[in-house]
Amino acid sequence: PDFAALFGPGSRAEVALAGRIPGLPEAKPVRGQVDRLVINDHEVLIVDYKTNRPPPKRVEDVATLYITQMAAYRALLQAMHAGKPVRCALLWTDGARLMGIPEAMMDGALDRLRHLDGAPLNS
(Lines give C-alpha, C1' and ligand atoms only; values in the text may rest on other atoms or scores of the structure.)
Protein backbone atom coordinates (compact mmCIF):
# COMPACT_ATOMS: atom_id res chain seq x y z
CA PRO A 1 0.00 0.00 0.00
CA ASP A 2 2.87 2.43 0.72
CA PHE A 3 3.96 2.27 -2.93
CA ALA A 4 0.53 1.79 -4.60
CA ALA A 5 0.87 5.15 -6.38
CA LEU A 6 3.72 3.69 -8.45
CA PHE A 7 1.24 1.65 -10.45
CA GLY A 8 -1.64 4.13 -10.54
CA PRO A 9 -2.60 7.24 -12.48
CA GLY A 10 0.24 9.71 -12.87
CA SER A 11 2.97 7.10 -12.51
CA ARG A 12 5.62 6.79 -15.19
CA ALA A 13 7.51 3.77 -16.48
CA GLU A 14 11.12 3.57 -17.69
CA VAL A 15 12.12 7.14 -16.88
CA ALA A 16 15.62 8.18 -17.96
CA LEU A 17 17.62 10.14 -15.39
CA ALA A 18 20.79 12.09 -15.94
CA GLY A 19 22.52 14.72 -13.88
CA ARG A 20 25.09 15.36 -11.20
CA ILE A 21 24.91 14.56 -7.50
CA PRO A 22 25.61 17.63 -5.39
CA GLY A 23 28.14 17.19 -2.61
CA LEU A 24 30.10 14.42 -4.30
CA PRO A 25 33.56 14.88 -5.83
CA GLU A 26 33.25 16.80 -9.09
CA ALA A 27 29.44 16.60 -8.69
CA LYS A 28 29.54 12.95 -9.80
CA PRO A 29 27.50 12.36 -12.97
CA VAL A 30 24.62 9.87 -12.88
CA ARG A 31 22.96 8.19 -15.86
CA GLY A 32 20.30 5.56 -15.56
CA GLN A 33 16.72 4.51 -15.97
CA VAL A 34 14.12 4.19 -13.23
CA ASP A 35 11.58 1.43 -13.82
CA ARG A 36 8.73 3.26 -12.04
CA LEU A 37 8.52 6.88 -10.87
CA VAL A 38 5.85 9.04 -9.26
CA ILE A 39 6.28 12.70 -8.44
CA ASN A 40 3.36 14.24 -6.59
CA ASP A 41 2.76 17.26 -4.39
CA HIS A 42 4.30 15.73 -1.27
CA GLU A 43 6.89 13.08 -2.29
CA VAL A 44 8.83 11.23 -4.96
CA LEU A 45 8.58 7.43 -5.21
CA ILE A 46 11.04 5.23 -7.13
CA VAL A 47 10.97 1.49 -7.82
CA ASP A 48 13.55 -0.49 -9.73
CA TYR A 49 12.88 -4.07 -10.86
CA LYS A 50 15.46 -6.76 -10.08
CA THR A 51 15.49 -10.35 -11.35
CA ASN A 52 17.83 -12.11 -8.92
CA ARG A 53 16.92 -15.75 -8.31
CA PRO A 54 16.39 -16.30 -5.53
CA PRO A 55 15.98 -12.73 -4.35
CA PRO A 56 17.34 -11.75 -0.94
CA LYS A 57 14.86 -12.05 1.90
CA ARG A 58 16.33 -9.16 3.91
CA VAL A 59 17.30 -5.69 2.74
CA GLU A 60 20.63 -6.18 4.54
CA ASP A 61 21.43 -8.93 2.01
CA VAL A 62 20.80 -6.81 -1.10
CA ALA A 63 23.87 -6.30 -3.30
CA THR A 64 25.71 -3.08 -2.46
CA LEU A 65 25.57 -2.14 -6.15
CA TYR A 66 21.74 -2.03 -6.03
CA ILE A 67 21.67 0.08 -2.87
CA THR A 68 24.25 2.46 -4.36
CA GLN A 69 22.24 2.71 -7.59
CA MET A 70 19.08 3.66 -5.69
CA ALA A 71 21.02 6.07 -3.45
CA ALA A 72 22.34 7.84 -6.55
CA TYR A 73 18.86 8.10 -8.08
CA ARG A 74 17.51 9.35 -4.76
CA ALA A 75 20.21 12.01 -4.42
CA LEU A 76 19.65 13.22 -7.96
CA LEU A 77 15.88 13.45 -7.49
CA GLN A 78 16.29 15.14 -4.09
CA ALA A 79 18.34 17.84 -5.79
CA MET A 80 15.68 18.23 -8.49
CA HIS A 81 12.75 18.24 -6.04
CA ALA A 82 14.11 20.03 -3.00
CA GLY A 83 12.00 19.68 0.10
CA LYS A 84 10.22 16.50 -1.00
CA PRO A 85 11.11 13.15 0.55
CA VAL A 86 12.28 10.56 -1.97
CA ARG A 87 11.36 6.97 -1.12
CA CYS A 88 12.95 4.01 -2.91
CA ALA A 89 12.18 0.33 -3.25
CA LEU A 90 13.25 -2.71 -5.23
CA LEU A 91 10.66 -4.98 -6.81
CA TRP A 92 11.97 -8.54 -7.00
CA THR A 93 10.38 -10.10 -10.08
CA ASP A 94 10.88 -13.63 -8.74
CA GLY A 95 7.95 -13.69 -6.34
CA ALA A 96 6.79 -10.11 -7.03
CA ARG A 97 8.02 -8.84 -3.65
CA LEU A 98 8.48 -5.14 -2.96
CA MET A 99 11.34 -4.20 -0.62
CA GLY A 100 11.69 -0.65 0.68
CA ILE A 101 15.24 0.61 1.12
CA PRO A 102 15.94 2.40 4.40
CA GLU A 103 17.24 5.95 4.13
CA ALA A 104 20.19 5.10 6.39
CA MET A 105 21.40 2.43 3.93
CA MET A 106 21.24 4.87 1.03
CA ASP A 107 22.96 7.58 3.07
CA GLY A 108 25.79 5.12 3.81
CA ALA A 109 26.08 4.27 0.12
CA LEU A 110 26.41 7.97 -0.75
CA ASP A 111 29.13 8.34 1.87
CA ARG A 112 31.05 5.53 0.14
CA LEU A 113 30.59 7.28 -3.24
CA ARG A 114 32.37 10.32 -1.84
CA HIS A 115 35.58 8.25 -1.92
CA LEU A 116 35.32 7.04 -5.53
CA ASP A 117 37.06 8.57 -8.51
CA GLY A 118 35.25 10.83 -10.97
CA ALA A 119 33.88 8.02 -13.14
CA PRO A 120 30.19 8.39 -14.02
CA LEU A 121 27.64 6.15 -12.34
CA ASN A 122 25.86 4.13 -15.02
CA SER A 123 23.11 1.64 -14.38
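- Tyr73 and Asp48 are not linked by any side-chain donor-acceptor pair at a separation below 3.5 angstrom, with hydrogens and angles left out of the test.
- Side chain of Asp35 to backbone of Tyr49: a donor-acceptor contact under 3.5 angstrom is found.
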Item to complete: Check step by step if side-chain contact (heavy atoms from CB on, under 4.5 Å) holds for Thr68 and Leu65.
Response: CA-CA 5 Å; Thr68 303; Leu65 176 65; 5.5 Å; no
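- When all heavy atoms are compared, the tightest approach of Ile67 to Ala109 is CG2-CB, 4.1 Å.
- Residue pairs meeting the side chain to side chain donor-acceptor pair (under 3.5 Å) criterion with at least one partner in residues 6-15, sequence neighbours excluded, are Ser11-Arg36.
- Residues Arg74 and Asp107 are paired through a salt bridge, judged by an N-O separation under 4.0 Å between the basic side chain and the carboxylate.
- Between the CG atom in Leu77 and the CG atom in Leu17 there is a gap of 5.0 Å [rounded to 0.5 Å].
- Of all non-hydrogen atoms in Asn40 and Lys84, the two that sit nearest each other are O-NZ, 2.5 Å.
- Contact between Met105 and Val59 at its shortest, heavy atoms only, is CE-O, 3.5 Å.
- Taking CG of Leu98 as the start and CG of Leu6 as the end, the distance is 7.5 Å to the nearest 0.5 Å.
- Within the model, atoms NZ of Lys50 and CG of Leu90 stand 6.5 Å from one another, a figure rounded to the nearest 0.5 Å.
- Partners of Arg87 according to the salt bridge (charged side-chain N to carboxylate O under 4.0 Å, His left out) rule, which considers only residues two or more places apart in sequence or in another chain, are Glu43.
- Within the model, atoms CD1 of Ile39 and CG of Leu45 stand 9.5 Å from one another, a figure rounded to the nearest 0.5 Å.
- Here the closest heavy-atom approach between residue Met106 and residue Ala71 is recorded as O-CB, 3.4 Å.
- Closest approach of Val62 to Pro56, counting heavy atoms only: CG2-CG, 3.8 Å.
- Put simply, CG on Asn52 and CG on Asp61 are 11.5 Å apart, with the number rounded to the nearest 0.5 Å.
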Worksheet item: Given the rule in the side-chain contact (heavy atoms from CB on, under 4.5 Å) test, do Val44 and Val38 qualify, once you have shown the distances and angles that lead to the verdict?
Response: CA-CA 6 Å; Val44 178; Val38 172; over 6 Å; no
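- In this structure, CZ in Arg31 is found 9.0 Å from CZ in Arg20, a value given to the nearest 0.5 Å.
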